[in-house]
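Worksheet: the structure to be examined is printed underneath.
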Amino acid sequence: MTPFQYTRANDVADAIKQIATDPYAKFIAGGTNLIDLIKYDVEGPSRLIDISHLPLRSIEPTSAGGVLIGAMVPNADLAYHPVIEERYPMLARAILSGASQQLRNMASTGGNLLQRTRCFYFYDTATPCNKREPGSGCSAIDGVNRINAILGTSEACIATHPSDMCVALAALEAVVHVIGPAGARTIAIADFHRLPGNTPQRDTNLEPDEIITAIELPPKGFSANYSYLKIRDRLSYAFALVSVAAALELDGETIKEARLALGGVAHKPWRSTAAEAALLGQRADATAFAKAADWLLHGAKGYGHNNFKIGLARRAIMRTLDQAARGTPQSISDKKIR
Amino acid sequence: MTHPGTATPAARIAAVPEKIPVTLSVNHKPAKLVVAPWTTLLDALRDHLNLTGTKKGCDHGQCGACTVLVEGRRINSCLTLAAMQEGAEITTVEGLSRDGELHPLQQAFIDHDAFQCGYCTSGQICSAAGLIAEGKARTAAEIRELMSGNICRCGAYPNIIAAIQQAMERS
Ligand SMILES: Cc1cc2nc3c(=O)[nH]c(=O)nc-3n(C[C@H](O)[C@H](O)[C@H](O)COP(=O)(O)OP(=O)(O)OC[C@H]3O[C@@H](n4cnc5c(N)ncnc54)[C@H](O)[C@@H]3O)c2cc1C
Ligand code: SF4
Ligand code: FES
Ligand code: FES
């Protein structure tokens, strides 16, 4: 690995003070993405500021009736927390469909939001990549782009955000709490990740001198009618080709509220107000689900190897909405899609 | 603040950083090390403490061969720094047996012939110890899912599952 210094942050104030002194320093939490990227020479921090010991490990109720999750809560602890299992099972299942138990034991809630793309060329320093080296070009657009995006792409970058957890957080409309030199602020999850545009080197709207302290879940968890369906090349321990988080509030068979987010298809979890509005007041059936899928995939574009994702996403959206409506969410261990 | 992107090695750092002292507890024995900051826990175990039972397969979190227990929880030792584990209790495959008796999982792997080349085995066993402690898996399907972070290139999976089931029943 390329040499770097290592320091520990004593508290949040110390962490932001330390990062302000060195533009090439980076925080390290679980380390599962950053250490990997340093080994590949994709990231080259001068210093790692260890924030993994900060006391940001609690899961607490908020006065608004939601839940506040500390940024250092390990992914596994979050997924198995009784309140999350009971009230936000879609989030629990999305987390458990990602990575492996070893990685979930290490990975932090904050780090999961900031994990970088798995685009092959981003990892391969011998090839041009605008995200890794702005202005060098995008090797994926005319390259092996099977895993790349079909929505919200730009001429500069067609990478996807690889997180499963974030797809559920998008559907739940979570809020990210951050602190920087200018003080604390909150960012809606929809505004947290960016589209690539002509600055694909920026994944998120978090400033490099800010630290994520917590993720807030609003009261509504849609625990009766939800599903998270992840389609991938093997049955476990693989990133999503397409994933769907679907949550419904039903009055009999009529849809009162709908949330729908896609993973594996864009630079951020993909939602569409039109798709969700199209479901409102409708009977929860295939006709309504097909309309929502059309809206959600409106403008989808393949780049050759990933053309299949459009049809796959359409079928996955319909299936996940059906699972949600029936109250039979996709199982994590039984791999049959019913 | 600006977004530096990927810095050139020269821009990153002026001088090679000094080694740092790290104290771990490995298999219930204190281990004092002086390591380069970028030393992973895996390299610390293998190269500094000569505990070569823990294997390096991919070095990127993709195979599970490096699985050890930190405070009883299974992790990939290739994706954490030794310095980040200061003061932690680490259990490797060398620390599983008690008073000369094999750990039930070690015995079960022998009973079920749950390996061929053996390269993944220490990771499988440490991972399974973590799995049993977590208590989330009951059925074979659940064991398979929660053991998916351990790849076996020899394909000994059916016997590995059988071995874990035996150890689970007896624990
Ligand atoms: C083999 C493998 C398979 C995987 N499969 C999946 C999968 O299927 N689905 C999935 O969703 N994920 C998957 N992952 C990714 C995994 O979920 C992420 O690596 C993990 O969530 C990152 O969290 P971390 O705490 O380890 O982050 P780190 O590696 O510690 O940090 C990541 C980035 O976030 C920054 N950072 C961390 N915490 C903070 C904070 N609080 N404030 C500000 N900045 C911060 C760091 O500076 C760094 O830039 C996989 C990873 C591996 C290695
Ligand atoms: S898609 Fe983005 S990450 Fe992949 S090569 Fe192109 S610029 Fe790089
Ligand atoms: S060596 Fe750590 S997961 Fe492969
Ligand atoms: S026994 Fe050879 S890799 Fe598992």
Side-chain angles (χ1 to χ4, degrees), chain A residues 1-8 19-20 23-24 28 30-36 38-48 50 52-53 74 76 80 96 99-106 125 131-134 180-181 199 201-202 207-210 234-238 331-335, chain B residues 1-9 11-18 20 36-40 43 59-64 66-68 70 73-87 123 126-127 130-131 134 136-137 139-151:
Chain A
M1 259 193 278
T2 314
F4 51 77
Q5 288 176 323
Y6 170 88
T7 51
R8 249 188 211 206
I19 201 126
Y24 297 110
I28 186 157
T32 61
N33 191 222
L34 188 50
I35 292 181
D36 189 29
I38 295 171
K39 287 181 180 181
Y40 281 114
D41 233 356
V42 175
E43 301 261 19
S46 55
R47 172 163 34 147
L48 292 184
D50 186 354
S52 65
H53 301 273
Y80 291 130
L96 292 178
S100 67
Q101 185 65 12
Q102 288 97 315
L103 289 161
R104 293 190 294 265
N105 277 336
M106 308 170 79
T125 54
K131 187 181 278 298
R132 177 166 34 73
E133 218 180 302
T199 52
Q201 67 272 26
R202 282 201 75 175
E207 295 299 332
D209 53 2
E210 287 181 315
R234 54 182 187 203
L235 291 176
S236 185
Y237 201 17
S331 161
I332 293 293
S333 50
D334 173 2
K335 302 294 178 172
Chain B
M1 233 173 134
T2 52
H3 293 266
T6 303
T8 60
R12 288 176 202 146
I13 207 144
V16 175
E18 281 178 23
I20 48 176
W38 52 92
T39 308
T40 60
D43 287 344
D59 212 20
H60 289 282
Q62 300 183 356
C63 75
C66 66
T67 304
V68 299
V70 174
R73 290 160 66 98
R74 50 181 164 153
I75 66 152
N76 300 116
S77 61
C78 68
L79 289 186
T80 188
L81 301 175
M84 293 170 71
Q85 303 302 335
E86 170 73 35
C126 285
S127 187
L131 171 100
E134 287 153 15
K136 299 291 179 190
T139 66
E142 286 165 348
I143 296 174
R144 268 196 294 275
E145 171 60 28
L146 288 170
M147 286 296 292
S148 72
N150 293 83
I151 309 282

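These numbers were taken from a predicted model, which means no experiment stands behind them. Below, chains carry the letters A, B, ... as their sequence lines are ordered, and counting in each starts from 1.
At a threshold of 4.5 Å between non-hydrogen side-chain atoms, the residues H53(A) and E86(B) do not count as touching. Taking the side chain as every heavy atom from C-beta outward, L146(B) and R104(A) approach each other to under 4.5 Å. When side chains are defined from C-beta on, K39(A) counts as touching T40(B), because their heavy atoms get closer than 4.5 Å. With contacts defined as side-chain heavy-atom distances shorter than 4.5 Å, the pair E134(B)/N105(A) qualifies. A 4.5 Å side-chain heavy-atom check between E145(B) and K335(A) finds at least one atom pair inside the cut-off. Under the 4.5 Å side-chain criterion, counting only non-hydrogen atoms from C-beta, S333(A) is in contact with E142(B). Side-chain atoms of D334(A) and T139(B), non-hydrogen and from C-beta on, never get closer than 4.5 Å to each other. Using a 4.5 Å heavy-atom threshold, the side chains of I38(A) and W38(B) count as separate.
Partners of Q85(B) under the side-chain hydrogen bond (donor to acceptor under 3.5 Å, both in side chains) rule, at least two apart in sequence or in another chain, are T80(B). Applying the side-chain hydrogen bond (donor to acceptor under 3.5 Å, both in side chains) test to S52(A) and every residue at least two apart in sequence or in another chain returns D50(A).
The contact between L96(A) and chain B is made entirely by backbone atoms, counting heavy-atom distances below 4.5 Å. Of the two parts of L131(B), neither the backbone nor the side chain holds a non-hydrogen atom closer than 4.5 Å to a non-hydrogen atom of chain A. Heavy atoms closer than 4.5 Å to chain B are found in the side chain of P74(A), but not in its backbone. Only the backbone of C63(B) comes within contact range of chain A, judged by heavy atoms closer than 4.5 Å. Of the atoms belonging to I75(B), heavy atoms from both backbone and side chain fall under 4.5 Å from chain A. Interface remark: A141(B) contributes backbone and side-chain atoms alike to the contact with chain A (heavy atom separation under 4.5 Å). For I332(A), the parts lying under 4.5 angstrom from a heavy atom of chain B are both the backbone and the side chain.
Most heavy-atom pairs under 4.5 Å with chain A, from the set A83(B), C78(B), G64(B): that is A83(B). Comparing N33(A), L235(A), L34(A), T32(A) by heavy-atom pairs within less than 4.5 Å of chain B, the highest count is held by T32(A). Chosen from I28(A), L48(A), T199(A), the residue pairing most often with chain B at heavy-atom distances under 4.5 Å is I28(A).
Proximity of a side-chain donor or acceptor of N76(B) to a complementary backbone N or O of Q102(A) within less than 3.5 Å is not detected.
Contact between P3(A) and P17(B) at its shortest, heavy atoms only, is CB-CD, 3.7 Å. Residues Y6(A) and M84(B) approach most closely at OH-CA, 3.6 Å, considering heavy atoms.
Annotation: the span from D59(B) atom CG to M1(A) atom CE amounts to 7.0 Å, rounded to 0.5 Å.
Between Y40(A) and H60(B), the two ring planes are parallel [angle under 30°; tilted spans 30° to 60°].
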